[in-house]
Amino acid sequence: MDAQLEDKALESTLAESLADLVPDEKIVSEDEFVEVVGGALEAVGGTLLFKMCVESGGEGQHVAAASVGDGGNRQFLLLTLPTGGGSLKVETVSRSSNPVAGIAAAYAGLMDAFRTAA
C-alpha cells in the first residue's frame with residue numbers, strides 16, 4: 001500500500017471513531033477537545049504531542065498534533081476543531097496545509113532527543 005493510501009486510511013479510521021464524540025453546535029472547551037482527541041488516539045494507539053488554540057480570520061480553532069506508530073512507521077496527525085463547534089478534521093501532517101503541521105515532526109524529534117539525553 002502506498003503512503004498516500006495509508007494516510008487516507010488512517011484519517012478515515014480516526015474520523016469515523018470521532019463522529020459521535022464531537023459536539024456540533026456549541027462552544028468547545030479545551031478540556032472537551034482534549035477528551036475527544038485522547039479517546040481517538042487511544043483507539044489507534046496514538047500519542048498526543050501538543051495542543052494549542054489558534055485564531056485565523058477571527059475564528060478560533062483547537063489544534064492537536066499526534067503521532068501514531070514508531071520508528072520508520074511513525075506518522076504524524078493534525079486534529080482540528082473550531083472552538084464554536086462543528087466537525088473534527090483529522091489529517092496526516094504530510095497532507096495538511098495548516099501552518100501548525102510543520103511543527104509536529106520537529107516537536108516529536110525534539111522530544112526524542114530529550115528522551116535520549118535523559
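Considering every non-hydrogen atom in both L81 and G86, the closest pair reads CD1-O, 3.5 Å. Closest approach of V93 to A104, counting heavy atoms only: CG2-CB, 3.9 Å. L48 and A64 make their closest contact through CD1-CB, 3.8 Å (heavy atoms, listed as atom of the first residue, atom of the second, distance). Nearest heavy-atom pair across V68 and V44 is CG1-O, 3.7 Å.
Note on F50: it does not cluster hydrophobically with V34, by side-chain heavy-atom contacts below 4.5 Å among ILVMFWY residues.
Taken from CG in L49 to CG in L110, the straight-line distance is 11.0 Å, to the nearest 0.5 Å. Atoms CG and CZ, from L77 and R95 in turn, are 11.5 Å apart once rounded to the nearest 0.5 Å. Of the inter-residue distances, the one linking T47 atom OG1 with R74 atom CZ reads 9.0 Å to the nearest 0.5 angstrom. Distance CD/E30 to CD/E35: 13.0 Å, rounded to 0.5 Å. Put simply, CG on L41 and OG on S67 are 8.5 Å apart, with the number rounded to the nearest 0.5 Å.
The shortest distance between side-chain heavy atoms of V63 and C53 does not fall below 4.5 Å. At a threshold of 4.5 Å between non-hydrogen side-chain atoms, the residues E55 and Q61 do not count as touching. V28 is not listed as a side-chain neighbour of T83, based on a closest heavy-atom distance of 4.5 Å or more.
Using bins of under 30°, 30° to 60° and over 60° for the plane-to-plane angle, the ring pair H62/F33 lands in the parallel bin.
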Determine all donor-acceptor pairs shorter than 3.5 Å in which one atom belongs to a side chain in residues 96-103; sequence neighbours excluded.
unit_1, atom_1, unit_2, atom_2, d
S96, OG, E91, OE2, 3.0
S96, OG, N98, N, 3.0
N98, OD1, V100, N, 2.9

